[in-house]
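Input: a single structure, listed below in structure tokens.
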2 protein chains.
Amino acid sequence: MPWDTEATRRRLLDAAVEEFAEHGPAGARVDRVARSAGINKERIYQYFGDKEGLFRAVLERELQRLAAAVPLTAEQAGDLGDYAGRLFDHHTDHPHFLRLLHWEGLASGGEAVAEAKRAALQHDKVAAVADAQRRGLVTAAIGAGQLLYGVMALVDWWFVAPHVVRMTVGAEGMDRATQRAAVVELARRMSAP
Amino acid sequence: MPWDTEATRRRLLDAAVEEFAEHGPAGARVDRVARSAGINKERIYQYFGDKEGLFRAVLERELQRLAAAVPLTAEQAGDLGDYAGRLFDHHTDHPHFLRLLHWEGLASGGEAVAEAKRAALQHDKVAAVADAQRRGLVTAAIGAGQLLYGVMALVDWWFVAPHVVRMTVGAEGMDRATQRAAVVELARRMSAP
DNA sequence: GCAAACTCCAACCATGCAGTTGGAAAATCG
DNA sequence: CGATTTTCCAACTGCATGGTTGGAGTTTGC
């Protein structure tokens with residue numbers, strides 16, 4: 001039977017996403033990742049260097065997926081409510097990502113994973129919003145960066161602070177459809193010209 | 001020299017706030033808390049039971065401080081932009097709290113610290129917003145709970161995902177005054193009738 | 001077909017860390 | 001003052017965990 005190193009890698013990453021999303025960089029256990037992937041622990045160190053390297057690899061893969069799944073072109077920037085909805089949907093389908101992102105934000109003090117690349121990507125989105133502002137589709141009362149910030153904040157918080165949400169809107173307000181509608185509406189109102 | 005157990009307790013809590021805010025429940029080191037407080041580690045276990053107990057004590061104290069510092073009465077709920085600004089100011093002055101809150105959200109799966117008490121407090125705020133809606137000061141197009149959610153999300157994200165913010169608005173957009181103005185404006189637009 | 005290079009694993013190691021213990025100094029109570 | 005209780009601490013323990021090693025099986029290049 002031939003080696004399938006790519007599959008080994010992927011299985012490790014799949015297990016690692018779960019583990020890191022659940023427990024964060026500090027709480028994650030390398031042994032658990034290996035066991036859950038059915039691969040020997042030593043492979044992790046061979047492929048990814050150390051625990052932090054594994055975390056970076058995991059996060060980069062998820063970042064790539066998000067960027068591919070939820071674009072924001074100049075056309076699309078005209079309706080930020082729609083963008084908020086699409087973002088919300090992606091996070092609903094891939095609940096790991098936002099947790100990873102916020103573990104990263106809380107844990108890492110210095111430079112972010114793939115900072116330059118991500119900054120460039122964000123910059124493009126801000127430019128798209130600025131374009132929509134110029135065309136009068138979106139309010140120009142606030143900076144484009146700040147508007148984009150607002151949309152991200154509105155979408156993300158459900159996933160990042162679910163316990164506060166629960167205490168605020170109650171169990172009945174935790175329904176995904178209701179949340180989605182609220183986010184879209186809030187984003188629209190925020191960005192209306 | 002007489003004992004001052006209250007001071008011991010307080011010094012431990014002060015050191016623990018720093019430690020937990022910086023490293024989170026999993027990354028925090030009990031030894032470090034004790035050393036930084038200049039108190040023996042064993043005291044922590046005597047006073048707070050275990051590491052988790054210490055975390056709970058820390059969080060409860062900060063929650064109390066926030067509740068006292070940034071109220072939301074029915075009168076005040078008429079201007080959610082103002083509330084957002086006050087909230088922003090408190091978090092700027094006490095940067096530990098939001099980090100603790102989000103470590104809690106990410107780490108703990110089950111019940112939140114002092115859940116019942118906090119839920120009641122949030123409920124009061126939601127009621128205040130609902131009242132403002134009835135008086136026509138705030139939009140009724142969205143539920144009161146969802147509106148409050150929006151304000152919290154807008155305010156908190158600066159502190160919780162600073163790395164993403166940095167990549168989005170650039171170093172020049174990280175200025176506190178600019179951020180505050182943006183939050184207030186966004187909250188106003190969101191909640192305008 | 002054989003040697004070098006690569007994949008994989010079980011067992012091992014060192015250390016960092018949450019939690020404990022035994023006892024000394026200080027306060028309290030009679 | 002003496003007995004008892006409480007505060008405090010240095011030193012210890014046991015274990016979980018990140019990271020390593022030596023070697024056996026597998027593929028590839030010549």
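Each chain gets a letter, A, B and so on, in the order its sequence line appears, and its residues count up from 1.
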Below the 4.0 Å mark, does D:dC8 have OP1 or OP2 next to a side-chain nitrogen or oxygen of B:T8?
yes
Could you give the CD-to-P distance, from A:Q46 to D:dT20, as a whole number of Å?
10 Å
Indicate if B:V151 and A:V184 have the same hydrophobic cluster label, given that clusters are the connected sets of ILVMFWY residues with side-chain heavy-atom separations under 4.5 angstrom.
no
On DNA chain D, nearest-nucleotide positions of A:G49 versus A:R32: which is more 5'?
A:R32
Taking it one step at a time, do A:Q133 and A:L147 satisfy side chain to side chain contact (heavy atoms under 4.5 Å, CB included)?
CA-CA 10 Å; A:Q133 287 181 317; A:L147 262 178; 3.7 Å; yes
By nearest-heavy-atom nucleotide on DNA chain C, the more 5' of A:G38 and B:Y45 is A:G38
Considering every strand and a 4.0 Å limit on heavy-atom distances, what is the contact class for B:A28: base, sugar-phosphate, or nothing?
sugar-phosphate
Stretch residues 9-20 of chain B: residues that reach within less than 4.0 Å of DNA chain C through a heavy atom:
none
Rounded to whole Å, how long is the line connecting atom CZ of A:R43 with atom P of D:dT21?
15 Å
Is it possible for you to say whether A:F159 and A:L63 belong to one hydrophobic cluster, with membership spreading through side-chain heavy-atom contacts below 4.5 Å?
yes
Strictly below 4.0 Å: does B:Y47 bring a side-chain N or O up to OP1 or OP2 of D:dC8?
yes
Of the nucleotides C:dC8, C:dA18, D:dT7, which has the atom closest to the B:V30 side chain?
C:dA18
Distance in angstrom units between A:R35 CZ and D:dT17 P, rounded:
11 Å
Letter by letter from the 5' end, nucleotides 11-16 of chain D scores (B base, S sugar-phosphate only, - none; protein heavy atoms under 4.0 Å) ------
Give a yes or no on whether a salt bridge exists between A:D50 and A:R56, defined as a side-chain N under 4.0 angstrom from a carboxylate O.
no
Could you tell me whether the side chains of A:H96 and A:E62 share a donor-acceptor contact shorter than 3.5 Å?
no
Which class fits the ring pair B:W103 and A:W103: parallel under 30°, tilted 30 to 60°, perpendicular over 60°?
tilted
Using a strict threshold of under 4.0 Å (side-chain N to carboxylate O), is an ion pair present between A:D14 and A:R11?
no
Indicate whether the side chain of B:R61 and that of B:Q64 have a donor and an acceptor atom separated by less than 3.5 Å.
no
Nearest to the side chain of B:D31, heavy atoms from C-beta on, is which of C:dC8, D:dT17, C:dA18?
C:dA18
In terms of ring plane angle, is the pair B:W158 and A:Y149 parallel, tilted or perpendicular, where the classes change at 30° and 60°?
parallel
Rounded interatomic separation in angstrom, taking NZ from A:K51 and P from C:dG16
14 Å
Considering only D:dG19, D:dC8, D:dC9, which nucleotide approaches the side chain of B:I39 most closely?
D:dC9
